[in-house]
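Notes to accompany the following structure.
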Amino acid sequence: METVSENRCFGGTQGVYRHSSDACGCDMTFGLFLPPEAAHGEVPVLWYLSGLTCTHENAMTKAAAQGWAAEAGIALVFPDTSPRGEGVANDDAYDLGQGAGFYVNATQDPWAPHFRMWDYIAEELPALLAKEFPIDADRQAITGHSMGGHGALTLAMNLPGRFRSVSAFAPIANPTASDWGRKQLSAYLGDDETQWAKHDSTLLMREKGFDGPVLIDQGASDQFLDLLKPEALSHAMAERRQDGTFRMQKGYDHSYFFVSTFMEEHIAFHAESLYGNI
């Protein structure tokens, strides 16, 4: 593992690191914020998964998360959104290929050799963090924005017991019924739609739900509402009587201005779960 940079931040350290990934077959870069408490022992961790076109850097610099995480004594990990580099398949469209991994394990060419973001986020990167940093693997939570909100919700519901809480900002909530989803899932996973279901948070909510609290924030003036389909997830949560809150935030759009506005509340939400049963 290579240290790209480390900067003092709110009494802790904001680092950027690069490593060779077996899952993705290329070098991967991630950001990790460690609060001051990490100097004295293991700390809980909140995963932040980013959206289409993003790298590890977008949320790290725009989400205004480190100050609140330092106050709560929580580490933040900012993974990249896809494999990258020479020899990694790509597409001219912004919503497929590099920057658009959709947090799945691709089975179709030309994506299959590298686009294994599910294994990377679910297995490889957590193991690396536990080995190299003072991270408490028993106290994890997850959040994300847009495509990353989709990833956070699907990982949380497919990995029961892994995360104590899950939240999302404007998630792609019903990708099997949306152009932000059908295009990518068919490209990465093929035309058998039964293979898509585990990557749709609305379908997962109907089938199994999440074994902890859920918080969803959606901007009511989001320019991508028709693609995100938040109403489908909201209805599924209500039908299941999921322990959770779905909030439409009047006047807010899809940007990081929206994310940063409600970041404090999301970190406080996760802190309650991460420190509730130590």
Side-chain angles (χ1 to χ4, degrees), residues 1-2 15-34 42-51 54-56 59-60 74-85 88-89 98-108 111-144 147-168 171 175 184-185 188-190 195-201 204 208 210-212 270 273-274:
M1 189 182 69
E2 172 192 355
V16 177
Y17 308 94
R18 183 179 298 117
H19 70 107
S20 177
S21 167
D22 291 333
C24 296
C26 61
D27 285 350
M28 295 293 288
T29 302
F30 65 93
L32 177 66
F33 171 74
L34 291 174
E42 292 184 345
V43 294
V45 61
L46 174 60
W47 292 75
Y48 184 100
L49 305 186
S50 290
C54 291
T55 70
H56 69 280
M60 191 179 80
I74 294 172
L76 299 168
V77 59
F78 304 101
D80 203 347
T81 57
S82 77
R84 299 179 190 273
V88 176
Q98 295 186 36
F102 254 75
Y103 304 101
V104 303
N105 284 339
T107 59
Q108 306 299 303
W111 315 106
H114 298 284
F115 280 72
R116 302 189 63 80
M117 288 301 293
W118 183 275
D119 283 352
Y120 180 69
I121 299 295
E123 303 297 337
E124 186 176 31
L125 188 53
L128 178 66
L129 294 177
K131 177 183 177 183
E132 299 289 345
F133 300 97
I135 298 297
D136 185 347
D138 292 328
R139 289 188 289 161
Q140 299 188 63
I142 191 166
T143 188
M147 180 185 74
H150 141 81
L153 289 163
T154 56
L155 282 155
M157 285 187 275
N158 278 299
L159 300 172
R162 172 73 64 87
F163 303 104
R164 295 194 179 186
S165 51
V166 59
S167 73
Q184 294 83 359
L185 294 174
Y188 294 141
L189 302 178
Q195 302 302 310
W196 301 3
K198 68 174 287 188
H199 300 292
D200 187 309
S201 60
L204 288 168
K208 61 181 64 178
F210 176 63
D211 55 351
H270 291 295
S273 296
L274 292 169

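Small disclaimer: the values here were computed from a predicted structure and weren't measured. Basis for what follows: all heavy atoms, side chains included, without hydrogens, waters or symmetry-related copies.
Ring-centre distance between Tyr120 and Phe30: not below the 6.0 Å cut-off.
Val88 has its side chain within reach of Phe115: a pair of non-hydrogen atoms, C-beta onward, lies under 4.5 Å apart. Contact of the Glu2 side chain with the Asp27 side chain is not registered, since no non-hydrogen atoms from C-beta on lie closer than 4.5 Å. Looking only at side-chain heavy atoms (C-beta outward), Leu49 and Ile142 come within less than 4.5 Å of each other. Taking 4.5 Å as the limit, every side-chain heavy atom of Pro160 sits out of range of all side-chain heavy atoms of Lys208. Contact check for Arg162 versus Trp47: no side-chain heavy atoms found under the 4.5 Å cut-off. Val104 places none of its side-chain heavy atoms less than 4.5 Å from the side chain of Trp111.
Side chains of Thr154 and His199: a donor-acceptor N/O pair is absent below 3.5 angstrom, by distance only.
To the nearest 0.5 angstrom, Ser50 atom OG is 5.5 Å from Tyr103 atom OH. Interatomic distance, CE of Met157 versus CG of Asp211, reported as 10.5 Å (0.5 Å rounding). For the atom pair CD1 of Ile121 and CG of Leu159, the computed distance is 11.5 Å after rounding to the nearest 0.5 Å. Remark: Ser167 OG to Leu46 CG distance equals 6.5 Å, nearest 0.5 Å. We find the CZ-CD distance between Phe163 and Gln140 to be 5.5 Å, quoted to the nearest 0.5 Å. A distance of 8.0 Å separates CG of Leu155 from NE2 of His150, quoted to the nearest 0.5 Å.
Closest heavy-atom contact between Glu42 and Asp136: OE1-CA, 3.7 Å. When all heavy atoms are compared, the tightest approach of Asn105 to Met117 is OD1-N, 3.8 Å. Here the shortest heavy-atom pairing between Ala75 and Leu34 reads CB-CD2, 4.0 Å. Annotation for Gly31 and Met60: closest pair CA-SD, 4.1 Å, computed over non-hydrogen atoms.
Glu124 has no carboxylate O lying under 4.0 Å from a charged side-chain N of Lys131, or vice versa, which leaves the two without a salt bridge.
Under a 3.5 Å cut-off, the side chain of His114 and the backbone N or O of Cys24 do form a donor-acceptor pair.
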